[in-house]
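Convention: sequence-line order gives letters A, B, ...; per-chain numbering from 1.
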Amino acid sequence: MSEKETPVPSNFIRKIISEDLRNNKNDGRVHTRFPPEPNGYLHIGHAKSICLNFGLAAEYQGNCNLRFDDTNPEKEDTEYVESIKANVRWLGFDWQENEYFASDYFDKLYQFALDLISQGKAYVDSLSAEDIREYRGTLTSPGKPSPYRDRSVEENLSLFEQMRDGKIEEGSAVLRAKIDMASPNINMRDPVIYRIRKARHHRTADKWCIYPMYDFTHCLSDAIEGITHSVCTLEFEDHRALYDWVIDNLDTPSRPYQYEFARLNLDYTVLSKRKLIELVREGHVNGWDDPRMPTIAGIRRRGFTPASIRDFCNRIGVTKSDTRIDISVLENTLREDLDKRAPRAMAVLKPLKVVIENYPESEDEELDAANHPQNPDMGKRKVPFSRVIYIEQDDFMEDAPKKFFRLSLGREVRLRYAYFITCTEVIKNEQDEVIELRCTYDPATKGGNAPDGRKVKGTIHWVSEAHAVKAEVRLYDRLYTEANPEQGGRDSREVLNPASVEILSGALLEPSLALAKVEDHFQFERLGYFCADSKDWDSDKPVFNRAVTLRDTWGKMNR
RNA sequence: UGGGGUAUAGCCAAGCUGGUUAAGGCACGGGGUUUUGAUCCCCGGAUUCCCAGGUUCGAGUCCUGGUACCCCAGCCA
């Protein structure tokens, strides 16, 4: 993380921490954690949380734990823990030896539950799930106590033990905290803190058949790890009262506090696990790492860099207001990062043949091209030139308006790093489509400058036919046609963008590009930033993904 | 009158205990440089901070009353 990134702006959590430090709370310690559940892949929304938690720890010389919140054996798997670790590492964060699992605390958690029971603050409820829901009341009416609410401590202890020993059927008993069935906060109406799940856990195997619930586990895990600031998203605001209740009613090694911030919403994308799974399962995308997916794996494959994502997370801020970020903010952090780092190269996506009639038939030559126009340290390379080249179809227009600074019949343009050429003839097929151009070149303009001081309006990119490398280039666009795909409760599948990917199998690259390594980034001049695909790249068939286009004021004018 | 939150330019977002001209970024518009219509460099926008009252010499910041939007009734996290 040596690159210069936008300084982290102030936010309310920073302010709280600074205040705590001023009061020497927690002996001046700052300890955060990133607590994913290993039941799915991380996405850009998680990146916000990762950057926040690790960023806070770094700024205040504290630590940030990576803790897997694995209390639901039926949904979790080690496959996810591996991918999560890889993603966090890729983003540039290091949790060092601070890797934990809530499942490592099952014994302690069990003891805490026993303590609560002994204090008369928890009881085993034998109501069915449906009855519990019934008894809980509604948002506007209070709940009523379960008939099992006043079981004796001894009976509860014995029943809980039977739960643990597998003597009670799944679903026929749970452990509940005894708080207040009439609380206006539904989370406080005797929340379930342990349930029976006769399922194999990915780490504890068959040791347990009772598993603690999130609200009981999370706060105690924080306390066990000495977390000082437990940062989570807004939907847990209502749970804070329960978080505090558990901590306050048990003898814990430390006293953590929970703070909530707004989760990320991004234009033209969807970030709920359920929706993401749906996209994959129904085949709207090709897997979790499809470059259109907002998953870390997807945006990585698309060509985003860790620095650009960190920068993005810093720019969007941390608040409690429910907002939606303009996709251009993300795109722009990538452009900024890659503009200074990505080598330039030429590639023609939709080729149009050009024959330079006065260029010798059997000849070719190598021209010098800068790898980065502003940074000579990135060196130069040779680009082969010959009589037959290809240019971009979009760079020719037959009836061109005055403002069209590219090639047209009778007009002269510069071929980047090569020569000025003038179009002399347009060849069409029976469908009246332009299939070839005949041009002449001015040998005196080699390298791209005219000795007579003649100026040319446009510079276009090109590739020599004899030397070109054929490649597949995938152009990606937003996955949805609406900024907020789920607006008004609509099914986001109704607004899927049918043109979210365009595969060009006949793209032509300058030869240097064939030497790219997987995940290498380039700017294809005048087109955008591209990344060598990590999955389908083959030395026989290069595959590039377009991560983001260049800014295009010409394109904008024409829209 | 269930409870918990949020409201500052098109989109984000600073704004400490109330004090001259309401940061910054993205987007947008204009101009300059340029062998990428890219980059880079200038310049531009809120008499106004959800609304209405009030307190005050002075309020985005305090008070009162509204309005809009988000979250909560898993033995998910």
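Under a cutoff of 6.0 Å and an axis angle of 45°, A:K446 and A:Y419 do not form a cation-pi pair.
Among the atoms of the strands shown, base atoms are found under 4.0 Å from some heavy atom of A:L139.
Rounded to a whole angstrom, the distance from the P atom of B:C43 to that of B:U6 is 37 Å. Comparing the C1' positions of B:G24 and B:G45 gives a spacing of 15 Å, expressed to the nearest Å. Going from the C1' atom of B:A77 to that of B:G44 covers 48 Å, rounded to whole Å. Across B:C57 and B:A52, the matching C1' atoms stand 24 Å from one another, rounded to whole Å.
Phosphate contact (OP1/OP2 of B:A13, side-chain N/O of A:T319, threshold under 4.0 Å): present. For A:S128, no side-chain nitrogen or oxygen approaches OP1 or OP2 of B:C75 to under 4.0 Å.
With distances taken from any side-chain atom of A:R197 to the nucleotides B:G37, B:G5, B:C75, the minimum falls on B:C75. If you check B:C75, B:A14, B:G2 against the side chain of A:I132, the one that comes closest is B:C75. Nearest nucleotide to the A:A129 side chain, out of B:G2, B:C72, B:C75: B:C75. Out of B:A77, B:A13, B:G74, the shortest distance to the side chain of A:E37 is found at B:A77.
Across all strands shown, B:G29 forms a Watson-Crick or G-U wobble pair with B:C43, both key distances being under 3.5 Å.
Whole-Å rounding puts the A:L52 CG to B:A13 P distance at 13 Å. Put simply, CG on A:N332 is 13 Å from P on B:A38, counting in whole angstrom units.
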